[in-house]
Every structure is written in C-alpha cells, then in structure tokens.
Q: 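Below you will find the structure I want to go over with you.
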Amino acid sequence: MTVVSMLAALLCIYGFCSLLVNKAEISASAVPITVLCASMVWFSVVGMAGFLWIGGLLYFAAGLAVLVWQIVKNRDGAFRLWKEPAFVLFFGCSFFLVALFAVQKPMFYQWDEFTFWGSAAKVTFESGQLYPTVNSNMVTTAYPPALPLLVYWFQFFGTQFAEWVGYAAYDILAVACVASLCHKQRNSGCPIFLGVTGLLLPLFFELGASTGIASTVYLNLQADVTLGLLFGAALAVYYTSQKRKQDMAAVWVILAALSLVKDMGLALGLIAAGIMAVDFLCCETALPLSKRLPISAAVFGALAAVVVVSWWGWSKYVGIVSGENRFDLGNTGESHSLGMGEMLVQGVKELLGIGTTEQFSQMGKAMLQAYWQRKICLLGSGLVVTVVIMALLAVAFIADDKKHKKRVVLYAVFSTGGFLAFWVFHWFLYLYVFKSLEGEQLKDYSRYFSEYYVGWLVGAMALLAISQKSKLVDYVSAVFLCGIGGAIALRGQ
C-alpha cells in the first residue's frame, strides 16, 4: 500500500498541475512546486485544526476527482503537459525515485533524522496528528511541520511507516524546485541544461558540507538544502512569470510553505519578498511610477504577511498545545531565555559600537574567516559560491536588453544585501543563542549557510534562463553543467 499511496499522491499532483496550467494559465515550470507547497500548507492547516486524517481524505478525493475531470473534459490539455520540459523532468524523476527507493528501501542514518526530522514524520504517521500533541522529547524542538507532513502525505494510505518514503518525498520536493528553472524558450537548450544542473545542486552542496553519505539517498532528511531550494524556487517562479495575479499567487503559496519548513524560512521569505518588491517597482515599467509604487508596496506587504503569519501561526499553535514559548530563541548559558527582539536590539547595539564586547568582536572575526575558509560546497568556501553566482549574473547581464540588465543588477545588489543580513543574523545567533562552545566552533555553519547559498544560486540561474541571447546562454549553461558535474565526479565521495 505504501507504493500505491505514493502513486496516488503523484496522480493528485498531476491533476492539480493540469488544472492550474489549463485554467489558471500558470507556467508549466511553476506549477509542480506550487502544488507541492499548497499541499504542505493544506496539511499543516488541517493538522493544526485537529483534522489531519479527514483533511487527507478530502485532499486525495479532490485531487483524483480533478484528475478524472481534466482527462474527461480536457484530454488534449491534460496530456499536452508532457510536451513541457518541466513536466517531463518532474514526473519522470518522481516516478523513477519511487521505483528506486521502493527497491532499495534506504533507512535513516544521520543523527538529526533520529532526533527530529525522521522521528517527527514517524510520530505524525503513527498518531495521525501533529507531533507536538504527542508526548515526546521533540516538543522542545518544535520545528515547523511542513516536511514531516510531506512524508505523512506521501504514505497516507500506508499500513506501516516506511523510512524510505521520507527520502523519496524530500527528493520529489527538490525536483519540483528544480523544475521551476525549466522555463521553456524557443530553440533553446537552456531549460534542459539548467534543469540537469539543478538536479546536481543537492549533491554539490551536501557532499561538500555534509558527510558524503548523502549521495546514496540524494537528500537526507535534514531541512537545510531543501529550504534553500524552496527559497530559490520562489525567486525562479517570480522571475520566469509574467507577474500576473495568478503568478504572484503561486509565489505567495511557496513563501507560505517556506516559513512552515524551518524557522529560518521566516528570514529567507522576507528577503525574497523584498527582492521581488524592488524588482517590480523598478522593472515593470509598463505602468507609471504612481501606480507601480503602491502596487510594489502591496506586493511586499502580501508576501511578507504570509511569511510572518505562517511562522507566527505555528509558533502560537505550539504554545497552545505544549506550553512552550517559541518566541524565545534559547539562552546563552545564563538563567534567562533570550527573545528574538532582545537578541536583535543587543546585537545591533554592539554592531554600532555601543557596549561592544571582546566576545562580540571575536565572533565577528570567526564569521568572516569562515566565509573565506569554511567549506560550503565541493569547490570550496562561500567565497567560491559567491564568485560563481556573480559570474552567472554577469552573463545574464550581457545576454539581454536594458530592462533585463536592470533586473540583474537589482538582484545582484539586493540579494547580496540579503546575504549580509543573513550573515549578521547568524553572527547574533552564534553569540547570543548557541551554547558557548557550539558558538565558538560555529556549529553546523556549512549546513546553515547552504540555505542561502543554494537559493541565491538558483535565483541567478533563473535570471540566466530568461535571457534572450539563446546561443550565449546555452553555451554558458552547458559549461556550468559540466563544471558542477565534474566537481561531483572528481571530488564527491
């Protein structure tokens, strides 16, 4: 029944994708990730409402009904989707992953999979409710529920929890993020090159920053690379769309899911909302500035609101069912917990030179050194990834018209600004929230920063994908693919 359940989930995804492409006219490259994110949000909402099982039944009933309706009423439209590179990539890889893991049946192997990510998925499946309501030692962790629910959803009709479904579900979500890069253009091989390159990114980052064992399952059940891919997918869907209401609704759904994957999704979602709002203000020049300004403000407000509401809603839910205060970030070894506002105020004061301590200065030096030296990917440090991103943006800059050049420059500037904010925020976290020894060691630095680097890189790839000088873009995309593939072949474990 486990395999049947996964196939049923994929059929539902296909039905919803067909509906969005044929009725809402959303780009084929955007709909797989939009549907998966909408599904994770749906299961999160019904789970917090206490109707997880009933919500699951309604989901599958609606998905299969939509699929049948699309096939009966719009057969040509339903099957025309197989002409789209994004659909071929997503569903081809998805069915392959289900078959592969159903035979191999990989099992959990990393510490975090046992202490939270895998255990939370198992508890959710066995209890039929969100894990904070179940008596366990995971309550104090209380990470957002989207990924455990993704695993639950893919084996909804299963009779026994299967660990391998977790790997398959994470991988299918990753492929949906990558499919957002496969923006179809006439007489261009760029969507294929970038799609295949995107499939290699988890290995490129995980093998560089993790244990190397991840190659046997593609993605492990931690959330870092997955979060980065979702961050990048939101940017890719925005840049490759026509900025219509339905396109922005798709971005809105993805950002809603981003905050429900991991707490850092709140920061990444706000950065993405800011980048998009500035882009709309400066690049959508078909409208006069007097109209663009309020629309841009509304775009940022709507996108930022859904990011904050998703994160805040889960935090309040955990507080209600468990009594834990998730608005306290932790402690610094003192007797009191540290709130986010308190941490930010204290950090900004020290950053501005007001009461700066030696410990603060030393942590800043360690963070700067880590940017130059700490390994992030197979090619080296965060500096190497930054250079690669800027090189792709340079090609995108020269490969299109004035409007696109402005868009690329804005992305380069504001995404770099977002990275600096992300970097400073982690400076504060390591100093004020982590235990002293863990902070000094910059514990899991490579994992945490991969969240931004992955999304930053995917956003640059999306801008390259929509550049109009197809021959140059095809050539660079092919070289980029060879570079990433070569790094994995030569330096991967």
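Keep in mind that what you see is a predicted model, and the values were worked out from it rather than measured.
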Q: Donor-acceptor pair, Lys105 side chain versus Ala102 backbone, under 3.5 Å?
A: yes

Q: Any non-hydrogen side-chain atom of Leu457 less than 4.5 Å from a side-chain atom of Leu392?
A: yes

Q: OG of Ser119 to CZ of Phe161: how many Å apart, nearest 0.5 Å?
A: 8.5 Å

Q: Below 6.0 angstrom between ring centroids: does that apply to Phe108 and Trp117?
A: no

Q: Looking at side-chain heavy atoms only, is the closest gap between Leu200 and Leu481 below 4.5 Å?
A: yes

Q: Step by step, work out the ring-ring contact (aromatic ring centres under 6.0 Å, His included) result for Trp314 and Tyr317.
A: CA-CA 5 Å; Trp314 170 252; Tyr317 169 79; 5.4 Å; yes

Q: Using 30° and 60° as the class boundaries, would you call the ring planes of His426 and Tyr448 parallel, tilted or perpendicular?
A: tilted

Q: Report the distance from atom CD of Glu25 to atom CG of Leu20, rounding to the nearest 0.5 Å.
A: 11.5 Å

Q: If you compare all heavy atoms of Cys377 against all heavy atoms of Val385, which two are closest, and at what distance to 0.1 Å?
A: SG-CG2, 3.7 Å

Q: CD1/Ile271 to CG/Leu420 distance, rounded to the nearest 0.5 angstrom?
A: 10.0 Å

Q: Which heavy atom of Val134 sits nearest a heavy atom of Ser127, and at what distance?
A: CG2-OG, 3.6 Å

Q: Once rounded to the nearest 0.5 Å, what's the spacing between atom CG of Asp171 and atom CZ of Phe101?
A: 4.5 Å

Q: side-chain contact (heavy atoms from CB on, under 4.5 Å) between Leu149 and Leu130: does it pass, once the steps are laid out?
A: CA-CA 8 Å; Leu149 285 171; Leu130 298 184; 3.6 Å; yes

Q: Do the side chain of Ser446 and the main chain of Lys375 share a donor and acceptor less than 3.5 angstrom apart?
A: yes

Q: List the residues meeting side-chain contact (heavy atoms from CB on, under 4.5 Å) with Leu81, not counting sequence neighbours, and say none if there are none.
A: Tyr14, Ser18, Val21, Phe87

Q: About how many Å separate CG of Leu266 and CG of Leu260, when rounded to the nearest 0.5 Å?
A: 11.0 Å

Q: Is there a donor-acceptor pair under 3.5 Å between the side chain of Arg447 and the backbone N or O of Gln222?
A: no

Q: What distance separates Phe300 CZ from Ser296 OG, expressed to the nearest 0.5 Å?
A: 11.5 Å

Q: Can you label the angle between the Tyr411 ring and the Tyr239 ring as parallel, tilted or perpendicular, going by 30° and 60°?
A: perpendicular

Q: Would you say the side-chain atoms of Tyr152 pair up with the backbone N or O of Thr124, donor to acceptor, closer than 3.5 Å?
A: no

Q: Please output the side-chain donor-acceptor pairs of residues 33-47 that fall under 3.5 Å, not counting sequence neighbours, one pair per line with the distance.
A:
unit_1: Thr34; atom_1: OG1; unit_2: Ala30; atom_2: O; d: 2.7
unit_1: Ser39; atom_1: OG; unit_2: Val35; atom_2: O; d: 2.7
unit_1: Ser39; atom_1: OG; unit_2: Tyr59; atom_2: OH; d: 2.7
unit_1: Trp42; atom_1: NE1; unit_2: Gly55; atom_2: O; d: 3.0
unit_1: Ser44; atom_1: OG; unit_2: Met40; atom_2: O; d: 2.8

Q: Around atom NZ of Lys122, are there more than 12 heavy atoms of other residues, nucleotides or ligands at under 6.0 Å?
A: no

Q: When you look at Leu431 and Met343, which way does the side-chain contact (heavy atoms from CB on, under 4.5 Å) test go after all the steps?
A: CA-CA 10 Å; Leu431 181 62; Met343 181 197 75; over 6 Å; no

Q: Can you confirm whether Ile172 sits close enough to Leu97 that some side-chain heavy atom of one is under 4.5 Å from a side-chain heavy atom of the other?
A: yes

Q: Closest approach of Leu303 and Val306, non-hydrogen atoms and distance?
A: O-CG1, 3.2 Å

Q: Does Gln155 reach the main-chain N or O of Ala162 with its side chain, forming a donor-acceptor pair under 3.5 Å?
A: yes

Q: State whether the side chain of Tyr452 and the backbone N or O of Phe419 hold a donor-acceptor pair below 3.5 Å, judged by distance alone.
A: yes

Q: More than 12 heavy atoms of other residues, nucleotides or ligands under 6.0 Å from CZ of Phe95: is that the case?
A: yes

Q: Work out which heavy atom in Gly198 is nearest to a heavy atom in Pro202; give both atom names and the distance.
A: O-CD, 3.4 Å

Q: Applying the ring pair (Phe, Tyr, Trp, His ring centres under 6.0 Å) test to Tyr143, which of Tyr131, Phe116, Trp311 qualifies?
A: Phe116

Q: Which heavy atom of Val307 sits nearest to which heavy atom of Gly265, and what is that distance?
A: CG1-O, 4.1 Å

Q: Got Leu194 and Cys182 here, is their nearest side-chain heavy-atom distance under 4.5 Å?
A: no

Q: Examine distances only and state if a side-chain atom of Ser5 and a backbone atom of Phe154 form a donor-acceptor pair shorter than 3.5 Å.
A: yes

Q: Could you give me the CA-CA distance, side-chain angles and deciding distance for Thr197 and Phe204, then say whether side-chain contact (heavy atoms from CB on, under 4.5 Å) is met?
A: CA-CA 10 Å; Thr197 305; Phe204 181 69; over 6 Å; no

Q: Which heavy atom of Phe90 sits nearest to which heavy atom of Ser94, and what is that distance?
A: O-OG, 2.7 Å

Q: Taking the side chain as every heavy atom from C-beta outward, state whether Val458 and Cys177 have any pair of such atoms under 4.5 Å apart.
A: no

Q: Test side-chain contact (heavy atoms from CB on, under 4.5 Å) on Ser415 and Ile275 and set out the steps.
A: CA-CA 7 Å; Ser415 63; Ile275 291 172; 4.0 Å; yes

Q: Answer yes or no: does atom NZ of Lys443 have more than 12 heavy-atom neighbours from other residues, nucleotides or ligands under 6.0 Å?
A: no

Q: I'd like to check Leu442 versus Phe434 (side-chain heavy atoms, cut-off strictly below 4.5 Å). Are they in contact?
A: no

Q: Are side-chain heavy atoms of Phe231 and Glu451 found at a separation under 4.5 Å?
A: no

Q: Does Glu84 reach the main-chain N or O of Ala28 with its side chain, forming a donor-acceptor pair under 3.5 Å?
A: no

Q: Using 30° and 60° as the class boundaries, would you call the ring planes of Tyr371 and Tyr453 parallel, tilted or perpendicular?
A: parallel

Q: Side chains of Leu10 and Met6: does their closest heavy-atom pair fall under 4.5 Å?
A: no

Q: Which pairs, with at least one residue in residues 156-168 and sequence neighbours excluded, count as a side chain to side chain donor-acceptor pair (under 3.5 Å)?
A: Glu113-Tyr167

Q: Sort out for me which residue in Phe449, Phe428, Trp456 forms a ring pair (Phe, Tyr, Trp, His ring centres under 6.0 Å) with Phe422.
A: Phe449

Q: Is it true that, when you exclude Phe414 itself, more than 12 heavy atoms of the residues, nucleotides or ligands shown sit nearer than 6.0 Å to its CZ?
A: no

